[in-house]
Student: 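Take a look at the following structure, please.
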Amino acid sequence: MPEPTLFLNQAGTSWPKPEPVRKAVADALVQDPALWGEAFASAHLAVAEWFGLSSTERLLLTPGGTSALSAAIGGLEWTPGDRVVTSAMEHEALAVPIRALAERGVRRTVIPRWRAQPFDLGALERTLRAGDVRLVAVTAVSNVTGERLPIEDIVDLAHEHDARCLVDAAQLVGWERLDLSGLDADLVAFAGHKALHGVWGIGGLYVAPDLATPGWCDVGSVDRAALAGLVAAVDWLAQPAQSGRLGRALALAERLVGWLDTYEAIILHGRGAPGWRLPTVAFTVQGTGPGTIARALEAHGVVASGGHQCAPETHVALGTSPDGVVRISFGAQHTEADLDRLLEALATVLGDLDRPG
């Protein structure tokens with residue numbers, strides 16, 4: 001009997017979903033409609049409290065992280081001549097609605113990488129001094145490399161220069177339990193199906209008290225079953241057994257990095273800030289496309305991501321455009337045995353590549 005698939009695309013979505021999440025989703029699908037309103041209010045409050053909020057007033061539930069970002073950007077009042085600042089590491093869910101603002105006369109400045117870091121704080125400060133920046137909109141963590149941006153510093157700089165700050169926290173929530181009001185960002189968007197371990201179809205947008213909250217009609221109906229799954233997921237994440245999960249996954253990622261580093265033909269990307277990342281490893285193989293590597297791994301029962309990961313601008317910044325990278329991303333459930341299986345598959349796929357020593 002073949003081994004079950006080893007899913008190493010956790011930055012794309014978490015899998016498998018915890019049993020309590022699967023059960024909550026199934027139960028919600030057969031729930032009495034007379035209970036829907038009460039169940040929604042209770043679930044909404046449970047999610048808000050997990051994010052450190054005392055009420056649901058500032059947390060809009062959405063059909064996903066993409067719709068949350070669109071509501072955040074579209075809900076602001078824009079004037080021709082306004083400027084938006086982003087990083088060079090953005091997912092298209094954030095980049096596309098910002099590019100669309102050009103039709104309204106809004107300009108965009110992209111802050112580049114700096115040395116081994118994913119974001120140049122000095123360049124941000126120089127840009128903010130111009131005084132025309134209305135919004136700084138950045139990802140908390142690159143979905144391609146797992147690099148964390150200095151979000152607290154970015155928020156502080158934006159506010160020092162009277163700019164708003166939007167954080168795309170899709171990759172971070174679940175790995176860390178964010179206190180949304182304590183972060184002090186004006187807007188924070190998240191998806192429920194990644195490290196939060198919910199299912200597809202649920203996300204949210206935090207809106208600071210001095211901003212108007214978009215209405216439910218701006219984002220569409222929330223999937224009740226997905227919301228029930230998200231409540232079960234945050235309860236599951238709060239269990240003592242889940243403590244230390246990030247450290248365990250990072251240890252696997254670092255062992256993989258050390259193994260890949262023995263190949264002369266392999267280039268690791270975004271590895272510059274040790275200890276300041278999530279358990280995602282991005283690499284390319286000279287002479288072989290990322291898609292080819294990913295398909296070969298899948299033939300061995302290992303699912304990874306090969307390509308652009310919906311972040312083409314990131315690959316321009318990394319120098320990996322047009323083909324992208326192989327991205328391997330671990331979850332809390334992975335073990336040393338899983339890593340050994342991955343390394344065995346990689347050794348077969350990479351074949352006769354040179355390994356010095």
Side-chain angles (χ1 to χ4, degrees), residues 11 65-66 68-70 72-74 76 78-172 185-189 269-273 276-278 280 282 307-325 327:
T66 298
L69 288 166
S70 292
I73 294 164
L76 294 174
W78 297 100
T79 301
D82 284 345
R83 186 182 301 275
V84 180
V85 175
T86 73
S87 80
M89 308 297 289
E90 302 305 331
H91 189 282
E92 286 288 85
L94 186 146
V96 167
I98 285 180
R99 287 199 293 264
L101 290 175
E103 299 176 359
R104 299 163 68 175
V106 177
R107 297 166 295 166
R108 180 188 180 195
T109 296
V110 177
I111 301 299
R113 296 178 63 87
W114 181 73
R115 297 180 180 175
Q117 309 297 324
F119 190 85
D120 187 343
L121 282 170
L124 173 62
E125 186 167 20
R126 291 190 294 273
T127 302
L128 287 166
R129 284 182 191 144
D132 58 354
V133 177
R134 178 163 178 74
L135 178 69
V136 178
V138 292
T139 185
V141 177
S142 167
N143 73 303
V144 175
T145 64
E147 294 171 289
R148 298 174 59 155
L149 277 68
I151 292 302
E152 291 83 1
D153 294 333
I154 291 171
V155 171
D156 288 346
L157 279 172
H159 289 168
E160 284 176 18
H161 294 84
D162 298 320
R164 298 288 189 178
C165 190
L166 162 64
V167 175
D168 174 4
Q171 291 291 321
L172 184 59
D186 301 283
L187 299 149
V188 182
H269 299 279
R271 300 303 303 180
W276 190 240
R277 60 186 318 100
L278 293 189
T280 294
H308 286 106
Q309 295 83 36
C310 296
E313 294 182 355
T314 299
H315 291 284
V316 172
L318 292 172
T320 53
S321 186
D323 296 323
V325 299
R327 182 187 69 188

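Not measured: the values here are computed from a predicted model. Just so you know, residue 1 is the first one in the sequence shown, and it goes up from there.
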Student: Are the side chains of Thr127 and His161 in contact, using a 4.5 Å heavy-atom criterion?
Tutor: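 In short, these two side chains do not touch, never coming nearer than 4.5 Å.
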Student: Under 4.5 Å between any side-chain heavy atoms of Val84 and Trp78, yes or no?
Tutor: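 A side-chain contact under 4.5 Å exists here.
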Student: Going from CD1 on Ile73 to CG on Leu101, what distance comes out if it is rounded to the nearest 0.5 angstrom?
Tutor: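 Separation between the atoms: 6.5 Å.
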Student: Supply the atom-to-atom distance Ser142 OG to Leu278 CG, rounded to the nearest 0.5 angstrom.
Tutor: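 Taking OG in Ser142 and CG in Leu278, the distance rounds to 9.5 Å.
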Student: Please name the pair of heavy atoms, one in His269 and one in Leu318, separated by the smallest distance, quoted to 0.1 Å.
Tutor: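 Looking at all heavy atoms of both residues, the closest pair is ND1-O, 4.3 Å.
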Student: Salt-bridged, Glu90 to Arg108, with N to O below 4.0 Å?
Tutor: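 Result for this pair is no, no salt bridge flagged.
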Student: In terms of side-chain heavy atoms, does His315 have a donor or acceptor partner in Gln309 at a distance below 3.5 Å?
Tutor: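 The answer is yes; a qualifying pair exists.
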Student: Over all heavy atoms of both residues, which pair between Pro112 and Ala123 is shortest? Give the atoms and the distance, please.
Tutor: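 Pro112 and Ala123 have their closest heavy atoms at CD-CB, 4.3 Å.
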Student: Are the side chains of Leu121 and Pro150 in contact, using a 4.5 Å heavy-atom criterion?
Tutor: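 Side chain of Pro150 against side chain of Leu121, heavy atoms only: contact under 4.5 Å found.
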Student: Determine, stepwise, if the pair Arg148 / Leu172 fulfils side chain to side chain contact (heavy atoms under 4.5 Å, CB included).
Tutor: CA-CA 9 Å; Arg148 298 174 59 155; Leu172 184 59; 4.2 Å; yes
Student: Is any side-chain heavy atom of Arg327 less than 4.5 Å from a side-chain heavy atom of Thr280?
Tutor: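 Yes, side chains in contact.
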Student: Nearest 0.5 Å, what's the CG-CD distance between Leu94 and Glu313?
Tutor: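 Spacing of CG (Leu94) from CD (Glu313) equals 9.0 Å.
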Student: If we check side-chain hydrogen bond (donor to acceptor under 3.5 Å, both in side chains) with Glu147, which of these qualifies: Arg271, Gln171, Arg113?
Tutor: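 That would be Arg113; it is the only one of Arg271, Gln171, Arg113 passing the side-chain hydrogen bond (donor to acceptor under 3.5 Å, both in side chains) with Glu147.
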Student: At what distance, to the nearest 0.5 angstrom, does CG of Leu187 lie from CG of Leu76?
Tutor: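 Nearest 0.5 Å value for the CG-CG distance: 6.0 Å.
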Student: Specify the closest pair of heavy atoms between Ser87 and Thr139, including all atoms of both residues, with the distance to one decimal.
Tutor: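 Smallest heavy-atom distance, with atoms named: OG-CG2, 4.3 Å.
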Student: Here's a test for you: under side-chain contact (heavy atoms from CB on, under 4.5 Å), which of Leu166, Val167, Leu128 qualifies with Val136?
Tutor: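 Per the side-chain contact (heavy atoms from CB on, under 4.5 Å) rule, the option paired with Val136 is Leu128, out of Leu166, Val167, Leu128.
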Student: Return the minimal non-hydrogen interatomic distance between Gly81 and Arg107, and the atom names on each side.
Tutor: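 The pair with the smallest heavy-atom distance is O-NH2, 2.7 Å.
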Student: I need the single residue from Val85, Asp168, Val155, Ile151 that forms a side-chain contact (heavy atoms from CB on, under 4.5 Å) with Val138. Which is it?
Tutor: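 Going through the options one by one, the only one that passes is Ile151.
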Student: What's the verdict on side chain to side chain contact (heavy atoms under 4.5 Å, CB included) for Thr66 and Val96, showing C-alpha distance, side-chain angles and the deciding distance?
Tutor: CA-CA 10 Å; Thr66 298; Val96 167; over 6 Å; no
Student: Might you point out which heavy atoms bring Thr86 and Phe119 nearest each other, and give the distance in Å?
Tutor: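 Result for this residue pair: O-CE1, 4.5 Å.
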